[in-house]
Amino acid sequence: MKRILIAVVLLLPGIFLQAQNQVFRIDNPDFKKSPYTGMTRRHWKDAALYMLKGAFGYIKQIDDPMVFPKQAGKSYPRNESQKTTEKLEGLSRTLFFAAPLLREDGDFTINGISVAAYYRHHIAGLVDPESDLFIRPRDKNGGPSQTLVEFGALALSLSIAPELLWDPLPKAQKDALAETMISYGDGPTVPSNWKFFNIFVLSFFRDKGYTVNNSLLEEYLQKSLDHYRGNGWYNDNPAYDYYSMWAFQMYGIMWSELYGKKFFPELAARYTANFRELGKSYPYMFGRDGKMIMWGRSMSYRFASIIPFPLMGYLDQPGVDMGWMRRISSGVLLQFLQHPEFLQDQVPTLGFYGAFEPAVQGYSCRGSVYWMGKAFMALLIPEENPFWTSVENDGAWETELKKGTVVNRFQQGSDILITDYPNSGAAEIRAWCNVKVTGNWEDFRGSENYNRLSYNSAFPWQADGQAGEVAMNYLIKNQSGKWEPLRLYQFRKFEDGVYYRDVKLETDSLVNLRLADIPLADGILRIDRSMGHLPVELRLGHYAQPRKNQAIRKESRKVKGYEVQIIDNGIYQLAMIPLMGWNSMETITSTGLHPDAAESAVINVAGKTVPGISETNTYASLMLWKKSGEPFTTEELMPVKKLKLNTKEHSVLVTFRNGTQKQLRYN
């Protein structure tokens with residue numbers, strides 16, 4: 001069985017060197033129980049402590065707040081008024097790491113400071129008018145705010161370690177905290193996952209004997225359930241993204257276990273039933289190597305994405321392979337903890353691996369990243385649970401996903417398509433995006449975070465360049481002469497292995513295409529048709545390649561009369577073959593656009609549309625990949641034998657070299 005090679009350092013158990021950009025190292029990995037990652041529950045505790053020590057590197061005395069160096073760019077604080085919220089985020093979110101550890105050892109210290117005493121001190125400061133952390137109760141007509149978010153997070157941590165964080169507080173402080181926190185919980189919220197912040201505040205204080213607005217609590221619980229779309233997916237209004245998992249699903253099952261079975265058993269049963277459906281889809285969204293897909297907003301939360309897997313330990317679910325769930329979970333932890341750019345100044349960057357401004361939203365501060373500490377709610381699952389005792393394995397990649405095939409899982413209700421590629425071990429997702437950015441303060445909802453044609457675990461998305469370079473999307477030259485990405489997609493159907501969408505240009509609805517994605521064993525066949533009546537220039541990009549340990553090798557070939565371009569970074573090879581409609585192809589090297597390297601390369605094709613419906617407006621291309629070390633064969637580069645268009649019926653017949661056919665129908 002293959003093992004991941006992990007550097008081991010001989011240190012006392014639980015003690016780690018924490019230096020600038022030092023990666024997490026596993027002390028005495030257990031490759032018997034965890035043959036792929038070496039990580040057991042003990043190593044998860046070590047990882048939580050490693051992260052917490054980085055944060056406490058800024059705490060010299062108990063009064064010091066959890067404030068970290070600001071990352072240049074759009075993140076806050078951008079003015080003095082935001083600094084109290086910044087401190088509150090640092091407090092509530094680092095507590096995600098501390099609270100599970102305190103449950104098992106209430107006396108541990110960092111830098112000579114009692115961790116439990118530190119958090120109690122600062123929680124008390126929230127209601128001390130003399131403290132820099134002081135939060136006023138919500139004004140009578142005050143709306144939802146970041147304070148509500150952080151109070152919801154704080155209520156969750158208070159719920160899991162009350163003996164150390166709540167019980168020792170004097171009654172006067174408890175009453176003051178109840179008054180302030182309930183004032184936010186018993187108030188307006190945002191029609192998204194935010195309702196859970198109200199829910200946890202109200203549930204915690206109800207459990208502690210305080211009077212709360214039970215009718216509002218029940219209303220928010222019911223409205224949160226209304227976001228459910230099936231197969232484990234909640235809609236976060238408007239988008240689908242990881243908030244479905246690190247918010248709706250995590251909060252739903254934890255609330256059910258902590259409070260729901262006691263207060264609202266029927267609602268708890270519904271949340272639990274929704275959680276049980278996760279296994280049908282979510283594990284397939286991670287690569288065989290345990291890597292997660294870069295997709296959606298708040299990417300700096302990273303490995304918070306895995307928390308549903310250990311929380312499956314709350315339930316007895318026959319058929320769920322807990323060894324696979326832990327293999328994914330530990331793999332994602334190491335994806336980031338062992339990346340050399342993950343930490344800067346001992347604190348995780350705002351980005352995916354290192355700092356990456358295109359993935360940052362303005363609502364984040366440097367301390368926001370500690371939302372990822374939700375992953376360590378896994379430590380609430382006892383050590384004798386199958387999540388911890390099962391032997392790591394590759395699950396469906398070993399038993400179900402066969403080499404030479406491609407496996408699609410269409411999610412009815414959310415219209416999400418999850419695709420697994422057994423040849424390369426990559427996972428891929430196609431999901432909703434239909435948000436205008438013009439005049440929208442949440443312009444990130446129509447950005448590269450959501451508007452890519454697909455997202456892949458092996459190829460993190462690259463930002464668009466000013467010169468028209470694009471990865472896994474179309475750019476259209478708009479009437480202002482600027483390259484504009486497509487973002488207004490409308491799902492049509494998933495039929496016979498083909499994912500159909502319509503898309504129109506935001507600034508000109510007369511520019512529109514009908515898209516057809518056909519996942520193949522080693523890539524994607526795209527056959528897209530322009531339905532507009534204006535002549536426009538357009539570009540289409542493959543996935544991008546970061547430059548890693550060697551220069552990216554570029555190669556041009558001719559196969560079966562078609563031009564082929566290949567880029568190889570020593571890890572993966574990407575090949576692009578324009579089959580129909582495209583006028584030119586080029587490989588573009590860029591700087592500062594990729595989340596995993598300063599330099600990157602992407603293959604783009606370019607063409608023009610002509611007015612009316614004709615064969616000229618059909619754009620077919622192959623986007624292929626395989627791991628480095630073995631050249632593409634002619635058969636691999638040209639799996640398509642023939643394309644036959646029927647413009648009257650708006651259809652294309654695809655004949656593959658293996659003799660199979662697909663009839664694409666765009667209506």
Side-chain angles (χ1 to χ4, degrees), residues 238-243 285-287 291-299 305 351-353 356-361 408 411 414-419 421 426-437 442-465 468-476 483-491 494 499-506 513 515-519 523-526 528 538-546 572 574 576 588 590 593-596 600-605 619 621 623-625:
Y240 294 95
D241 49 37
Y242 286 114
Y243 277 91
M285 254 185 68
F286 295 78
K291 286 188 176 179
M292 66 175 281
I293 295 171
M294 182 182 180
W295 165 59
R297 68 188 178 103
S298 300
M299 265 297 92
S305 64
F352 191 60
Y353 291 118
F356 187 57
E357 187 67 5
V360 178
Q361 285 75 57
N408 294 305
Q411 311 298 293
S414 64
D415 298 331
I416 288 172
L417 181 67
I418 298 172
T419 302
Y421 297 93
E428 196 170 64
I429 187 169
R430 291 164 176 82
W432 184 94
C433 180
N434 195 317
V435 177
K436 293 183 177 181
V437 302
E442 288 192 328
D443 58 357
F444 56 81
R445 293 191 181 277
S447 73
E448 295 94 329
N449 294 277
Y450 294 98
N451 70 23
R452 306 292 86 170
L453 295 165
S454 57
Y455 294 85
N456 192 291
S457 64
F459 310 112
W461 61 258
Q462 174 173 290
D464 296 337
E469 56 269 57
V470 61
M472 200 44 70
N473 199 3
Y474 276 93
L475 292 182
I476 308 291
W483 288 108
E484 180 181 335
L486 297 179
R487 59 175 65 93
L488 302 182
Y489 297 92
Q490 182 67 47
F491 172 77
F494 178 68
Y499 191 75
Y500 294 90
R501 289 171 285 186
D502 291 350
V503 64
K504 61 184 178 181
L505 194 67
E506 177 181 346
L513 291 88
L515 310 178
D517 300 41
I518 310 171
I524 303 163
L525 169 62
R526 301 201 58 80
D528 304 325
L538 68 167
R539 300 174 65 90
L540 171 67
H542 200 333
Y543 288 119
Q545 287 271 52
Y572 282 98
L574 298 178
M576 194 161 190
I588 307 170
S590 303
L593 299 181
H594 200 280
D596 196 21
S600 59
V602 64
I603 308 170
N604 280 190
V605 290
Y619 303 90
S621 57
M623 301 175 174
L624 306 176
W625 56 78

Exercise for the section: List the steps and the verdict of side chain to side chain contact (heavy atoms under 4.5 Å, CB included) for Leu453 and Tyr489. Expected result: CA-CA 9 Å; Leu453 295 165; Tyr489 297 92; 3.6 Å; yes
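- Taking Phe286 as the reference, Tyr282, Phe309 meet the ring pair (Phe, Tyr, Trp, His ring centres under 6.0 Å) condition, with sequence neighbours excluded.
- Side-chain atoms of Asp241 and Tyr450, non-hydrogen and from C-beta on, do get closer than 4.5 Å to each other.
- In plain terms, the two heavy atoms of Leu505 and Pro485 that are nearest each other are CD1-O, 4.5 Å.
- Defined by atom type and a distance below 3.5 Å, a donor-acceptor pair is missing between the side-chain atoms of Tyr499 and Asn408.
- Contact detail for Gly468 and Asn604: the closest heavy-atom pair is O-OD1, 3.6 Å.
- In terms of the side-chain hydrogen bond (donor to acceptor under 3.5 Å, both in side chains) criterion, residue partners of Asp517 (sequence neighbours excluded) are, by chain and number, Arg430, Arg501, Arg526.
- Under the side-chain hydrogen bond (donor to acceptor under 3.5 Å, both in side chains) criterion, Tyr455 pairs with no residue at all, not counting sequence neighbours.
- At least one donor-acceptor pair closer than 3.5 Å links the side chain of Gln545 to the backbone N or O of Tyr572.
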Practice item. Show your reasoning for whether side chain to side chain contact (heavy atoms under 4.5 Å, CB included) applies to Met294 and Asp596. Key: CA-CA 11 Å; Met294 182 182 180; Asp596 196 21; over 6 Å; no
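- Summarising the geometry of Pro595 relative to Tyr353, their closest heavy-atom pair is O-CB, 3.9 Å, with the distance given to 0.1 Å.
- In plain terms, the two heavy atoms of Ser590 and Gln462 that are nearest each other are OG-NE2, 4.4 Å.
- Between Tyr242 and Trp295 there is a side-chain heavy-atom pair separated by less than 4.5 Å.
- To the nearest 0.5 Å, atoms CG (Asp464) and CG (Asn473) are separated by 6.5 Å.
- With sequence neighbours left out, Tyr421 forms a ring pair (Phe, Tyr, Trp, His ring centres under 6.0 Å) with Trp625.
- When every heavy atom of Asn456 is checked against every heavy atom of Ala426, the shortest pair comes out as OD1-CB, 3.4 Å.
- For the pair Arg487 (side chain) and Gly446 (backbone), a donor-acceptor distance under 3.5 Å is present.
- The main-chain N or O of Leu624 is found under 3.5 Å from a side-chain atom of His542 such that the two form a donor-acceptor pair.
- Two residues are said to be in side-chain contact when any heavy atoms from C-beta on lie closer than 4.5 Å; Val470 and Val602 fail this criterion.
- One distance of note links CG of Leu525 with CE of Met623; it measures 10.0 Å at 0.5 Å rounding.
- Residues that satisfy the side chain to side chain contact (heavy atoms under 4.5 Å, CB included) test with Pro358, not counting sequence neighbours, are Phe356, Trp461, Ala463.
- Lys436 has its side chain within reach of Leu488: a pair of non-hydrogen atoms, C-beta onward, lies under 4.5 Å apart.
- In this structure, Tyr243 and Arg297 have side chains that are in contact, with non-hydrogen atoms separated by less than 4.5 Å.
- Within a 6.0 Å radius of CD in Gln490, no more than 12 heavy atoms belonging to other residues, nucleotides or ligands are found.
- Taking the side chain as every heavy atom from C-beta outward, Leu513 and Leu486 approach each other to under 4.5 Å.
- Atom OH in Tyr474 sits 6.5 Å away from atom CG in Leu538 (nearest 0.5 Å).
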Leu574 vs Tyr543, test: side chain to side chain contact (heavy atoms under 4.5 Å, CB included). Steps then yes/no. CA-CA 8 Å; Leu574 298 178; Tyr543 288 119; 4.1 Å; yes
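- Remark: side-chain polar atoms of Glu506 are paired, donor with acceptor, to backbone N or O of Val437 under 3.5 angstrom.
- You'll find the side chain of Ile416 stays beyond 4.5 Å of the side chain of Met285, heavy atoms only.
- Summarising the geometry, atom CZ belonging to Phe491 is positioned 13.5 Å from atom CG belonging to Asn434; distances are rounded to the nearest 0.5 Å.
- Lys291 NZ to Ile293 CD1: the interatomic distance, rounded to the nearest 0.5 Å, is 12.5 Å.
- Between the CE atom in Met472 and the OG atom in Ser454 there is a gap of 4.5 Å [rounded to 0.5 Å].
- With sequence neighbours left out, Tyr240 forms a ring pair (Phe, Tyr, Trp, His ring centres under 6.0 Å) with no residue at all.
- Looking only at side-chain heavy atoms (C-beta outward), Tyr619 and Leu540 stay at 4.5 Å or farther from each other.
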